[in-house]
Protein chains: 2
Amino acid sequence: MTTVLDADRIFAAMADATRRDIVLRALDAREGVVELAAHYPMSFAAIQKHIAVLERAGLVTKERDGRRKVVRTNIDALRLARGLLDEYEALWRGRIDRMTDLIAYSKEIER
Amino acid sequence: MTTVLDADRIFAAMADATRRDIVLRALDAREGVVELAAHYPMSFAAIQKHIAVLERAGLVTKERDGRRKVVRTNIDALRLARGLLDEYEALWRGRIDRMTDLIAYSKEIER
DNA sequence: GTCACATACAACCATATGGTTGTATCTATG
DNA sequence: CATAGATACAACCATATGGTTGTATGTGAC
């Protein structure tokens with residue numbers, strides 16, 4: 001299973017309410033696939049697919065526990081996405097700062 | 001044009017490198033659609049579609065400037081996505097804290 | 001070893017997405 | 001108003017996505 005932690009897959013995986021909810025529940029890492037599937041109004045196989053998408057994105061991992069496989073959220077993948085959004089935020093602030101400087105400079109010139 | 005700022009659309013829009021790059025460039029709000037399209041190795045219409053996706057997600061807006069329409073990133077949409085990821089992070093930390101408390105409690109009992 | 005439970009996966013269908021080309025509309029300028 | 005530039009949008013195609021049902025595999029309990 002490829003889990004290279006790329007932004008495309010992570011954002012795509014997070015673009016679905018069911019999958020975001022699975023990520024939330026899997027923060028506790030207590031439920032297997034059957035338990036998780038029970039929360040949603042769709043087939044077991046559908047949830048399996050959603051989990052597979054999350055797994056390929058590196059957002060969750062599965063650990064064997066007896067006859068079950070417990071799904072656990074990988075917080076690092078979430079942090080990668082957050083880090084990217086932080087960069088945009090930082091660049092945005094930088095832009096504002098430059099504009100402020102520019103205005104200050106214009107006023108300087110006007111005097 | 002519907003621009004309800006929902007997480008599904010925002011994450012889906014961010015799940016493409018070309019669109020993320022457009023969001024970056026549009027932080028400066030200096031380029032029109034033609035100028036933006038010039039940066040990428042695909043047709044003008046393809047970039048128009050990407051911008052439409054970003055627009056539907058509320059990630060960018062267009063403002064008329066003479067015969068052009070300048071594309072500008074809407075930082076609030078980015079913040080919404082970041083806020084969601086922050087929540088996951090917070091819940092994750094809460095979980096760790098609860099585990100730590102539990103361990104502390106067990107040790108208390110043992111004495 | 002057999003049975004039941006948990007998981008995996010293939011085949012199929014409908015719809016969405018990402019690209020193309022072509023045509024139409026809007027706006028500024030001579 | 002004629003023309004050129006900037007944008008919009010429809011039609012089309014290939015592939016991806018999200019769901020279904022059905023079948024197969026793996027693991028623990030008896």
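In what follows, chains carry the letters A, B, and so on, assigned in the order in which the sequence lines appear, proteins first and then strands, with residues in each chain numbered from 1. These figures come from a predicted structure and were not determined experimentally. Any value given below was found using the heavy atoms of this structure, including those in side chains, with hydrogens, waters and symmetry copies removed.
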Does [Y] offer a backbone N or O that forms a donor-acceptor pair with the side chain of [X] under 3.5 Å?
X       : Y       : result
B:Arg9  : A:Ala15 : no
A:Asp65 : A:Val70 : no
B:Arg19 : B:Leu54 : no

Taking [atom1] from [X] and [atom2] from [N], how many angstroms apart are they, rounded to a whole number?
X       : N      : atom1 : atom2 : value
B:Ile22 : D:dT7  : CD1   : P     : 13 Å
B:Ile51 : C:dG18 : CD1   : C1'   : 15 Å
A:Phe11 : C:dT17 : CZ    : P     : 18 Å
B:Arg67 : D:dT7  : CZ    : P     : 10 Å
B:Phe44 : D:dA8  : CZ    : P     : 7 Å
B:Leu54 : D:dA8  : CG    : P     : 13 Å
B:Met42 : C:dT21 : CE    : P     : 13 Å
A:Lys49 : C:dT15 : NZ    : C1'   : 13 Å

Counting only side-chain nitrogens and oxygens, does [X] get under 4.0 Å of the OP1 or OP2 atom of [N]?
X       : N      : result
A:Arg19 : D:dG18 : yes
B:Lys69 : D:dA8  : yes
B:Lys62 : D:dA8  : yes
A:Ser43 : D:dG19 : no

**Q.** Lys/Arg-Asp/Glu bridge criterion (N-O < 4.0 Å) met for B:Glu63, B:Lys69
**A.** no

(Q) The side chain of A:Arg64 is closest to which nucleotide in this list: D:dG26, C:dC9, D:dA8? (A) D:dG26

Q: Name the closest nucleotide to the A:His50 side chain, picking from C:dA8, C:dA6, D:dG19.
A: D:dG19

Q: Would you kindly compare A:Ala45 and A:Arg68 by the position of their nearest DNA chain C nucleotide and give the one closer to the 5′ end?
A: A:Arg68

Q) In the single-linkage hydrophobic clustering (I, L, V, M, F, W, Y; side-chain heavy atoms under 4.5 Å), do A:Val53 and A:Phe11 co-cluster? A) no

